[in-house]
**Q** 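Here it is, the structure, as structure tokens.
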Amino acid sequence: MSISFAGFGVASLANFYTGIAWLNPGIFVGMAVLSALIAVPAGHVGRFRGRRLDGEGRGTALLGIVVGWLLLFVCVLAVLAYIGLIAGLAFLADAF
């Protein structure tokens with residue numbers, strides 16, 4: 001379950017390469033964050049259940065956790081870059 005949510009998040013960020021996400025990037029970054037916020041707890045639940053079932057599915061749950069955290073990290077970097085861009089443009093506009 002967690003790997004599918006992590007995959008949805010990766011797919012929403014991958015839309016930036018196709019050009020579709022540039023129409024409204026906030027929605028696609030928001031979908032990636034939401035998917036990552038679901039993937040991480042679902043991965044932890046999957047790891048817990050896998051421990052009870054003698055290791056069945058623990059690897060995919062771990063992959064969902066790792067990809068979920070990486071998605072959150074990339075989204076935070078993207079938001080900080082956007083804020084930096086706006087701040088830089090405001091500084092340039094103020095200089096003129």
Side-chain angles (χ1 to χ4, degrees):
M1 177 73 108
S2 66
I3 194 68
S4 61
F5 282 111
F8 291 147
V10 170
S12 67
L13 285 183
N15 282 323
F16 283 103
Y17 292 113
T18 63
I20 295 171
W22 291 107
L23 296 174
N24 196 347
I27 290 176
F28 287 93
V29 171
M31 287 186 337
V33 168
L34 183 64
S35 296
L37 288 176
I38 295 172
V40 171
H44 284 291
V45 169
R47 294 272 294 173
F48 178 74
R49 287 184 180 171
R51 191 175 302 135
R52 287 189 294 150
L53 299 174
D54 297 326
E56 187 71 28
R58 290 185 75 200
T60 56
L62 180 62
L63 184 63
I65 293 169
V66 169
V67 172
W69 280 113
L70 285 174
L71 274 171
L72 283 174
F73 180 70
V74 167
C75 289
V76 166
L77 284 180
V79 168
L80 288 176
Y82 181 74
I83 291 171
L85 176 71
I86 297 299
L89 290 174
F91 178 75
L92 286 176
D94 190 38
F96 289 115

**Q** Among pairs that include at least one residue of residues 43-74, which meet ring-ring contact (aromatic ring centres under 6.0 Å, His included), considering only residues two or more places apart or in two chains?
**A** none
**Q** Partners of Ile20 by side-chain contact (heavy atoms from CB on, under 4.5 Å), sequence neighbours excluded?
**A** Thr18, Phe28
**Q** Mind checking what makes ring pair (Phe, Tyr, Trp, His ring centres under 6.0 Å) contact with Phe16, not counting sequence neighbours?
**A** Trp22
**Q** What are the two closest non-hydrogen atoms of Val67 and Ala6, and how far apart are they?
**A** CG1-CB, 3.5 Å
**Q** At their closest point, which heavy atom of Gly68 faces which heavy atom of Ala36, and how far apart are they?
**A** O-CB, 3.4 Å
**Q** Under 4.5 Å between side-chain heavy atoms, chaining through other members, with only Ile, Leu, Val, Met, Phe, Trp and Tyr counted: pull out the rest of the cluster around Leu34, sorted by chain and number.
**A** Met1, Phe5, Phe8, Ile38
**Q** Do Val29 and Ile27 belong to the same hydrophobic cluster, where Ile, Leu, Val, Met, Phe, Trp and Tyr are linked whenever their side-chain heavy atoms lie under 4.5 Å apart, directly or via other members?
**A** yes
**Q** List in chain and number order the residues that pass side-chain contact (heavy atoms from CB on, under 4.5 Å) with Leu70, two or more places apart in sequence or in another chain; answer none if no residue qualifies.
**A** Val66
**Q** Grab the two heavy atoms, one from Ile3 and one from Gly64, that are nearest each other, plus how far apart they are.
**A** CD1-N, 4.0 Å
**Q** Drop me the distance from Ser35's OG to Leu72's CG, to the nearest 0.5 angstrom.
**A** 10.0 Å
**Q** Please say which of Ile86, Val79, Leu85 ends up in a side chain to side chain contact (heavy atoms under 4.5 Å, CB included) with Ile83.
**A** Val79
**Q** Does the side-chain contact (heavy atoms from CB on, under 4.5 Å) test come out yes or no for Ser2 and Val45, once each step is laid out?
**A** CA-CA 9 Å; Ser2 66; Val45 169; over 6 Å; no
**Q** Only distances under 3.5 Å count here; give the side-chain donor-acceptor pairs of residues 49-63 to other protein atoms, sequence neighbours excluded, each with its distance to 0.1 Å.
**A**
residue : atom : partner : partner atom : Å
Thr60   : OG1  : Gly57   : O            : 3.1

